[in-house]
Amino acid sequence: MAQYWLMKSEPDEASIDHLAAAPDQTLPWTGVRNYQARNFMRDAMQPGDGVLFYHSSCPQPGVAGLAEVVGPYAPDATQFDPASPYFDPKSPADKPRWGHVSVKFVRKTALLPLATMRTEPTLASLQLLKPGSRLSITPVTPEEWQAVLDLLEP
DNA sequence: GCCAACGTTGGC
DNA sequence: GCCAACGTTGGC
């Protein structure tokens, strides 16, 4: 059974437009350095799962489009690259600490702003909206997923 | 730039 | 294992 996720990305780094323009319209979701978020990718995500593509740390934060998970979970090469901002000197080469799935473009939508989401009773349970929630990957229930779809245009 | 919330680190 | 210090996130 398909599951649903919300994945945050800074549009400066990887926006929904970047995703649409990428080879195979797919991007590796590298750079996650939080165990909870990693565990979602490693243990729970399945190819075909639905993704709300969320723009964060930008003038207009919000859901910018839809994507889907493509597998498999694989080691994140950036952890071993000293030149990368995601370099992790403590990650053992034979037992990589960090990994990633990839994400494939489904469609771009009109931005559903965070401010709007906050006013929607049907979205009140979203983990994203919980005070202090910073996790870059959060699960979304089927009900929440449908509620967001209903709000997305077109 | 501010700041609250949260995660990680490291001394003990 | 505790917990204070520190770093990061991310909206505003």
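This is a predicted model, so every value here is computed, not measured. The basis for the numbers below is simple: all heavy atoms, side chains too, and nothing from hydrogens, waters or symmetry mates. Below, chains carry the letters A, B, ... as their sequence lines are ordered, and counting in each starts from 1.
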Does one hydrophobic cluster hold both A:Phe105 and A:Trp5, with members joined at side-chain heavy-atom distances below 4.5 Å?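 Yes: a chain of side-chain contacts under 4.5 Å links A:Phe105 to A:Trp5.
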Pick the nucleotide of DNA chain B nearest each of A:Arg97 and A:Arg134; which residue has the one closer to the 5' end? A:Arg134
Could you tell me whether the side chains of A:Ser56 and A:Glu10 share a donor-acceptor contact shorter than 3.5 Å?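 Note: A:Ser56 and A:Glu10 side chains miss the donor-acceptor criterion.
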Does a donor on one side chain and an acceptor on the other come within less than 3.5 Å for A:Thr78 and A:Asp76? yes
Please give, in whole Å, the distance from [N] [atom2] to [X] [atom1]?
| X | N | atom1 | atom2 | answer |
| --- | --- | --- | --- | --- |
| A:Tyr35 | C:dT8 | OH | C1' | 15 Å |
| A:Leu126 | C:dG10 | CG | C1' | 17 Å |
| A:Leu128 | B:dA5 | CG | C1' | 14 Å |
| A:Leu129 | C:dG10 | CG | C1' | 14 Å |
| A:Ile137 | B:dG7 | CD1 | P | 15 Å |
| A:His55 | C:dC12 | NE2 | C1' | 19 Å |
| A:Asn34 | B:dT8 | CG | C1' | 10 Å |
| A:Arg33 | C:dG7 | CZ | C1' | 16 Å |

For a quick check of understanding: with a heavy-atom distance under 4.0 Å over all strands, which category does [X] fall into, base, sugar-phosphate or nothing?
| X | value |
| --- | --- |
| A:Lys90 | sugar-phosphate |
| A:Arg118 | sugar-phosphate |
| A:Glu10 | nothing |

Is any side-chain N or O of A:Tyr54 closer than 4.0 Å to OP1 or OP2 of C:dG11? yes
Heavy atoms of A:Ile16 and A:Phe53 approach each other most closely as N-CE2, 3.4 Å
